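Remember, it's a predicted structure, so these values are computed and weren't measured experimentally. For this chain, numbers begin at 1 and follow the sequence in order.
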Amino acid sequence: SREYYIRRWIMILTEKCDRYIFSQFECVEDNPNLKDQEYDFKINGIKLDLKSTRISKQLIENYTSKNFSSLTDSEYKDAIMHFIKDPDELIKFLYENQSTGVRFSFHNRLFLVTADLRSKNNFYDEFDLRLDFDNKSEIIEDFIDSFDPNKLKTYKVYNCKDNKYESIKATVIFFFRNEDGLFYSI
């Protein structure tokens with residue numbers, strides 16, 4: 001549908017902008033090969049593939065055992081907070097449910113996750129968070145300043161294409177908004 005392509009185009013462009021923000025730091029070495037799927041940049045020599053995303057309806061429904069449309073705002077917020085406090089399930093889900101097309105890969109990842117906690121009806125309005133490059137720049141700077149490769153967690157995730165488990169390293173930056181304003185967690 002037209003909405004899908006517009007959304008996809010915005011996501012591609014904002015991820016390029018996010019990558020540019022990372023590349024402005026001295027300890028970050030941008031991958032000169034833009035088509036390389038292994039990594040987008042290195043932070044202190046550690047290769048990371050950047051994925052900007054959100055917490056999917058499917059994962060929220062799995063966690064709550066409810067259809068998304070029947071969730072109260074409180075249940076929606078509780079589910080999002082669950083994944084912010086304990087991102088392991090989210091990270092595994094994002095790897096194991098990725099598109100099996102051209103972008104399919106199992107490499108070290110840095111997930112930049114946006115979420116609007118004010119209401120489940122804002123689920124589709126998280127684009128303004130994705131486009132908030134001023135605040136994202138500050139968050140990324142805080143992440144870079146505190147980056148410790150030893151804190152990257154190793155995950156075993158199922159590769160459905162090759163029918164085997166892969167061992168990868170990943171971390172997540174959450175950028176979210178609630179009634180009190182903008183927040184993040186690294």
Side-chain angles (χ1 to χ4, degrees), residues 8-56 59 80-99 102-117 126-157 159 165-178 180-186:
R8 185 76 196 118
W9 178 74
I10 291 170
M11 290 169 57
I12 289 168
L13 292 178
T14 57
E15 195 163 300
K16 284 182 180 184
C17 293
D18 294 343
R19 184 175 168 173
Y20 174 78
I21 293 168
F22 274 97
S23 74
Q24 299 307 296
F25 295 92
E26 193 173 303
C27 66
V28 177
E29 180 187 336
D30 202 33
N31 185 344
N33 182 355
L34 297 176
K35 296 186 183 211
D36 186 342
Q37 291 191 343
E38 183 182 355
Y39 73 102
D40 289 320
F41 47 74
K42 296 178 189 175
I43 302 176
N44 296 328
I46 304 297
K47 293 179 181 179
L48 292 169
D49 182 28
L50 177 66
K51 296 293 181 202
S52 299
T53 190
R54 63 182 178 186
I55 300 172
S56 76
L59 185 58
I80 299 294
M81 292 307 297
H82 165 76
F83 296 113
I84 290 172
K85 290 176 185 169
D86 183 12
D88 292 352
E89 185 179 353
L90 170 66
I91 289 172
K92 287 179 182 180
F93 179 89
L94 290 171
Y95 273 104
E96 293 176 353
N97 292 277
Q98 65 182 303
S99 165
V102 175
R103 297 182 313 250
F104 183 84
S105 68
F106 283 85
H107 299 292
N108 296 343
R109 290 230 171 105
L110 167 57
F111 293 101
L112 179 56
V113 178
T114 53
D116 193 324
L117 298 168
E126 45 87 33
F127 272 129
D128 56 334
L129 284 174
R130 285 182 187 243
L131 298 171
D132 186 350
F133 296 111
D134 291 335
N135 283 306
K136 262 204 279 189
S137 293
E138 290 179 31
I139 293 165
I140 291 169
E141 182 175 8
D142 287 349
F143 175 81
I144 294 291
D145 288 346
S146 66
F147 182 75
D148 179 354
N150 296 318
K151 290 185 180 176
L152 287 175
K153 193 166 181 181
T154 300
Y155 294 88
K156 292 263 188 219
V157 290
N159 178 337
Y165 282 88
E166 303 277 354
S167 181
I168 48 84
K169 291 186 180 273
T171 191
V172 62
I173 300 171
F174 289 99
F175 180 35
F176 59 98
R177 174 179 36 226
N178 66 18
D180 299 323
L182 297 171
F183 298 93
Y184 66 94
S185 174
I186 52 176

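A salt bridge does not link Arg177 with Asp132: none of the charged nitrogens is closer than 4.0 Å to a carboxylate oxygen.
Of all heavy-atom pairs between Leu112 and Lys136, the closest is CD2-CD, 3.7 Å. Closest approach of Ile144 to Phe22, counting heavy atoms only: CD1-CD2, 3.9 Å. Residues Ile55 and Leu59 approach most closely at CG2-CD2, 4.2 Å, considering heavy atoms. Residues Asp116 and Leu129 come closest through the heavy atom pair N-CD1, 4.2 Å. Scanning both residues, Glu96 and Lys156, for their nearest heavy atoms gives OE2-O, 4.5 Å.
Under the side-chain contact (heavy atoms from CB on, under 4.5 Å) criterion, Asn44 pairs with Cys27, Phe147, not counting sequence neighbours. The side-chain contact (heavy atoms from CB on, under 4.5 Å) test applied to Gln24 returns Tyr20, not counting sequence neighbours.
Of the possible donor and acceptor atoms, none in the side chain of Asp49 sits under 3.5 Å from a partner among the backbone N and O of His107. Arg130 places no side-chain N or O within donor-acceptor distance of the main-chain N or O of Thr14, the cut-off being under 3.5 Å. Checked by atom type and distance alone, the side chain of Tyr95 never pairs as donor or acceptor with a backbone atom of Tyr155 at under 3.5 Å.
Asn108 and Tyr39 share no side-chain donor-acceptor pair at under 3.5 Å.
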